[in-house]
Q: 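One structure, pasted below without further comment.
Chain letters run A, B, ... following the sequence lines, proteins first, then strands; residues in each count from 1. Because the structure is a prediction, the values reported are computed rather than measured.
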Amino acid sequence: MTDISFATSLRTHQCGALRVEHVGRTVRLGGWVHRARDLGGLVFLDLRDRAGLVQVSFDPATAGADACALAASVGAESVVDVEGVVAERPAAMRNKEMSTGDVEIRATSIRVVGPADTPAIPVARGRSEQLAAEELRLKHRHLDLRRDELQRNLMLRHRLLQRTRRFLSDAGFLEIETPVLTKPTPEGARDYLVPSRVHPGEFYALPQSPQIYKQLLMVSGFDRYFQLARCFRDEDLRADRQPEFTQIDVEASFVTQDDVIDVAEEMMRTLWQEGGSPFPAGRVRRMTYADAMERYGVDRPDLRYGLEIADVTEAFRAVEFPFTATAIAAGGRVRGIRIPGGASLSRKQLDEIDAVGKSAGVRGVLRVKSVNGVVEGAVGKALGDDAASRLGLQDGELGLFVAGEDRITNPALDRIRQDVALRLQLAPEGVNEFVWVVDFPMFERDLESGTLSAMHHPFTSPHPDDVGRLKNEPWTARALAYDLVLNGTELGGGSIRISDPTVQRSIFALLGIDEETAQSRFGFLLEGLRAGAPPHGGIAFGFDRIAMVLAGATSLRDVIAFPKTTAARALFEGAPSPVADGDLEDLHITLESVAE
RNA sequence: GGGGCCGUAGCUCAGUUUGGUUAGAGCACUCGACUGUCACUCGAGAGGUCGCGGGUUCGAGCCCCGUCGGCCCCGCCA
């Protein structure tokens, strides 16, 4: 790191940056009063800035009685201007828990330059004291952001942003900004709409992603593009979902899937290094979507632990066993996971796991224990003496099986698998298991209506081997689409795009978008593709999620300076809020009564 | 749209099971004492629309209905 001077006209050093090497220097500091200790004659203030804490001592002999009195009376979180001398602390008075704990400032003067009200929520907190309720922390965000944890998170976020820019810029990618006021897209998530004042009845939309713009930049010849793009989606929120969020948006021309994956993987490796978290050596493994669904029941498998899904349909096929018979007869399968050491799960825990399965849609979870090579109970009776081997159960293993169609059992097995891993603490600490999931299907098919929708987005190129399937069985066609998954969380995804306007039209047709609709919604893209489009593709990463993972946070709110609540409210600034009638008139908007 | 948990002093919580005198504790705050503390210590004090509205009851922080807000999850998020 380069040595930056934080000295200004009003201070010589940062509080938290003082060390033994500064001993003897006369310093002037500005900072927040973190905590005060008034011993009567002596007064100690812990002074805080973004670099950390430093102890300032006030002795009547050096600072004078007035300065001591002022130091004793200044309220927590006030900003003070202190002058003094850096002194080495006697051995017995050092504080090993402070990075500045070998020194203190012997103050000669103090001024209160920013007096503070008693803080609504505490900033300085004792070791065992609870954090204030998140509602209050969001309401008084300026105070909450003073806490060490959030300071560190936002400083990490800054470093990750800079590292991303440097990595991509060094790799020849150009940072190009795209509009925030853009065109509504009926596909995908709900748009945030912005009314136009000069065009009555017409609206802009905030972008869900810069997808079409970045493709047009490829058409324009900008080869390699990136953007730390703000995106907006008006959908219900979760701990890992905010209505506005930041994507690392990347697109490149004359590339294949492997080219995109190579760059993206190297970028992730760089960011994990910046975040100080281990990134596995060598190439990130790849798994097909079909494989992920078969072995883990999801398209974003957590590979920190085993518990792979096994198909035991054959063991039950010729057996009269009510739990499985109807499912098999209906063309379903019997699948489940085998848990080494699963015998330690209590009856109550197994009932809870059963409830997890049921809430995910299966009729129940079959529990099978192998003890001394023998499977007891109804399953043992039905399958016979070799039940354990037919189910692949090692001695002492517990099998949890469900029966039915894959589309039901996959999500159930996924949840059961995660639930068991959590109970048995199977995911090792500090381990990062990355995996590229590739060969996603082109489409999702609604079973009732038979309509197709794009799995990734409607500009995704079909897999060259599956183009022939588009005509008669498009729902079996794979796409050139890929996701990067870490420990069961999707970090980002992308695809090779369609660069041939004819292909794009045929995909629109499959999605039920007729020529006229395609023209009105995506005309500018189609026109671009007709103007000579290079083969291109890209990827987008959820930057906030990456920051969250690397900060060790459990909520996106802890890595965003001013986040929204789960109801998409901003408690600090109070948005959204009603506006004056006149403002609405200008926008040609009349409200229906919202009073009710 | 649905399910779950939560809302009592500035903050964190107890009190709600089984309705009953004046709603408690720790921290913070105010005042006082204290010259080596570092979550300083000690003494005293102040501080409450029990989220809000309605209902049941002789009586509601506690029971019922509604509502607002926060968090977690399902649906949703091309």
Q: Give each protein N/O atom lying under 3.5 Å from an N/O atom of nucleotides 4-6 of chain B, with the pair distance.
A:
none

Q: In whole angstrom, give the distance that lies between atom CD of A:Gln130 and atom P of B:U12.
A: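 For the pair A:Gln130 CD and B:U12 P, the rounded distance is 9 Å.
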
Q: Could you measure between the two P atoms, the one in B:A28 and the one in B:G66, and give it in whole Å?
A: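 The same atom, P, in both gives a distance of 42 Å.
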
Q: Checking base pairs now: Watson-Crick or wobble, both atom distances under 3.5 Å. What partners B:G69?
A: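 B:G69 is paired, partner B:C6.
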
Q: Please enumerate all residues that pass side chain to side chain contact (heavy atoms under 4.5 Å, CB included) together with A:Arg423, with sequence neighbours excluded.
A: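 Applying side chain to side chain contact (heavy atoms under 4.5 Å, CB included) to A:Arg423 gives A:Leu345, A:Gln349, A:Glu352, A:Ile353, A:Asp419.
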
Q: Rounding to an integer number of angstrom, what distance separates B:G2 and B:C62 when you compare their C1' atoms?
A: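 These two C1' atoms come out 29 Å apart once rounded.
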
Q: Answer with base, sugar-phosphate or nothing: what part of the nucleic acid does A:Ala76 contact at a heavy-atom distance below 4.0 Å?
A: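 No contact.
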
Q: Please produce a list of atom pairs where a protein N or O lies less than 3.5 Å from an N or O of nucleotides 70-73 of chain B.
A:
{"residue": "B:G70", "atom": "OP1", "partner": "A:Thr565", "partner atom": "OG1", "Å": "2.9"}
{"residue": "B:G70", "atom": "O4'", "partner": "A:Glu135", "partner atom": "OE1", "Å": "3.3"}
{"residue": "B:C71", "atom": "OP1", "partner": "A:Thr566", "partner atom": "N", "Å": "3.3"}
{"residue": "B:C71", "atom": "OP2", "partner": "A:Thr566", "partner atom": "N", "Å": "2.7"}
{"residue": "B:C71", "atom": "OP2", "partner": "A:Thr566", "partner atom": "OG1", "Å": "2.2"}
{"residue": "B:C71", "atom": "O3'", "partner": "A:Arg557", "partner atom": "NH2", "Å": "2.9"}
{"residue": "B:C72", "atom": "OP1", "partner": "A:Arg557", "partner atom": "NH2", "Å": "2.8"}
{"residue": "B:C72", "atom": "OP2", "partner": "A:Arg557", "partner atom": "NH1", "Å": "3.4"}
{"residue": "B:C73", "atom": "OP2", "partner": "A:Ala239", "partner atom": "N", "Å": "3.4"}

Q: Taking atom C1' of B:C11 as reference, at what distance in whole Å does atom CG of A:Asp117 sit?
A: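 Spelled out: CG on A:Asp117 to C1' on B:C11 is 16 Å.
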
Q: May I have the list of side-chain donor-acceptor pairs in residues 50-58 of chain A shorter than 3.5 Å, sequence neighbours left out?
A:
{"residue": "A:Gln55", "atom": "OE1", "partner": "A:Arg37", "partner atom": "NH2", "Å": "2.9"}
{"residue": "A:Gln55", "atom": "NE2", "partner": "A:Glu104", "partner atom": "OE1", "Å": "2.9"}

Q: Without hydrogens or angle criteria, can the side chains of A:His536 and A:Gln215 be said to hold a donor-acceptor pair below 3.5 Å?
A: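 On atom types as modelled, these side chains qualify, holding a pair under 3.5 Å.
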
Q: Between A:Asp558 and A:Ser555, is any side-chain donor less than 3.5 angstrom from a side-chain acceptor?
A: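 Absent: no donor and acceptor within the cut-off.
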
Q: Under the side chain to side chain contact (heavy atoms under 4.5 Å, CB included) rule, collect the residues that match up with A:Thr489, sequence neighbours excluded.
A: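 Checked A:Thr489 against side chain to side chain contact (heavy atoms under 4.5 Å, CB included); matches are A:Arg545.
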
Q: Under the rule for side chain to side chain contact (heavy atoms under 4.5 Å, CB included), what residues qualify as partners of A:Ile212, not counting sequence neighbours?
A: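 Applying side chain to side chain contact (heavy atoms under 4.5 Å, CB included) to A:Ile212 gives A:Leu216, A:Phe459, A:Phe522, A:Phe524, A:Leu525.
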
Q: Considering only atom C1', compute the distance from B:U18 to B:G3 and round it to an integer number of Å.
A: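 That atom pair is separated by 29 Å.
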
Q: When the distance from CG of A:Leu131 to C1' of B:G26 is rounded to whole Å, what number comes out?
A: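 Going from CG in A:Leu131 over to C1' in B:G26 covers 17 Å.
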
Q: If you measure from the C1' atom in B:A9 to the same atom in B:U49, how many Å do you get, rounded?
A: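 Rounded to whole Å, the distance is 13 Å.
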
Q: Could you measure between the two C1' atoms, the one in B:C34 and the one in B:G70, and give it in whole Å?
A: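 Result for the C1' pair: 44 Å, nearest Å.
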
Q: What one-letter contact string describes nucleotides 36-53 of chain B from 5' to 3', where B marks a base within less than 4.0 Å of any protein heavy atom, S marks contact via sugar-phosphate atoms alone, and - marks no contact?
A: BBBBB-------------

Q: Rounded to whole Å, how long is the line connecting atom CG of A:Leu136 with atom P of B:C13?
A: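 The distance from CG of A:Leu136 to P of B:C13 comes to 10 Å, rounded to the nearest Å.
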
Q: Rounding to the closest angstrom, what is the interatomic distance between B:G32 and B:G20 at atom C1'?
A: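 After rounding to an integer number of Å, I get 40 Å for this pair.
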
Q: Using the C1' atom as the reference point in each nucleotide, state the distance between B:C29 and B:G47 in Å, no decimals.
A: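 Between the two C1' atoms, the distance is 9 Å.
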
Q: Using the P atoms only, state how far B:C38 lies from B:C31, rounded to an integer number of Å.
A: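 One P to the other, the span is 23 Å.
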
Q: Passes side chain to side chain donor-acceptor pair (under 3.5 Å), A:Gln208 versus A:Asp191? Steps please.
A: CA-CA 7 Å; A:Gln208 297 175 27; A:Asp191 286 320; 2.6 Å; yes

Q: Under a 3.5 Å limit for both distances, which nucleotide forms a Watson-Crick or G-U wobble pair with B:A23, could you say?
A: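 Pairing partner: none.
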
Q: Apply salt bridge (charged side-chain N to carboxylate O under 4.0 Å, His left out) to A:Arg415 and list each qualifying residue two or more places apart in sequence or on a separate chain.
A: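 Not a single residue meets the salt bridge (charged side-chain N to carboxylate O under 4.0 Å, His left out) criterion with A:Arg415.
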
Q: How would you label the contact of A:Pro458 with the nucleic acid (heavy atoms, under 4.0 Å): base, sugar-phosphate, or nothing?
A: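 Base contact.
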
Q: Quick one: does A:Arg233 reach the base of B:C77 with a side-chain donor-acceptor pair under 3.5 Å?
A: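 Side chain to base: no pair below 3.5 Å.
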
Q: Which pairs count as salt bridge (Lys or Arg N to Asp or Glu O under 4.0 Å) when at least one residue sits in residues 490-512 of chain A, sequence neighbours excluded?
A: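 Matches after skipping sequence neighbours: A:Glu251-A:Arg497, A:Arg505-A:Glu515.
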
Q: Side chains of A:Tyr289 and A:Asp483: any donor to acceptor distance under 3.5 Å?
A: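 On atom types as modelled, these side chains do not qualify, holding no pair under 3.5 Å.
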
Q: Sequence neighbours left out, what pairs pass salt bridge (Lys or Arg N to Asp or Glu O under 4.0 Å) with at least one residue falling in residues 57-67 of chain A?
A: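 Found none.
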
Q: Compare the minimum distances between each of B:A28, B:U12, B:C74 and the side chain of A:Arg415, then state the nucleotide with the smallest one.
A: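 From the listed options, B:C74 comes nearest.
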
Q: Holding to side chain to side chain contact (heavy atoms under 4.5 Å, CB included), I want the full list of residues that pass it with A:Ser209, two or more places apart in sequence or in another chain.
A: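 Testing A:Ser209 for side chain to side chain contact (heavy atoms under 4.5 Å, CB included), a comparison that skips the adjacent residues, returns A:Gln211, A:Cys231, A:Arg233, A:Gln247.
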
Q: Could you note down all residue pairs passing salt bridge (Lys or Arg N to Asp or Glu O under 4.0 Å) where residues 117-130 of chain A supplies at least one of them, sequence neighbours left out?
A: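 Counting only pairs at least two positions apart or across chains, the salt bridge (Lys or Arg N to Asp or Glu O under 4.0 Å) contacts touching residues 117-130 of chain A are A:Glu97-A:Arg127.
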
Q: Measure from CD1 on A:Ile121 to P on B:C13 and round the result to the nearest Å.
A: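 The answer, rounded to whole Å, is 13 Å.
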
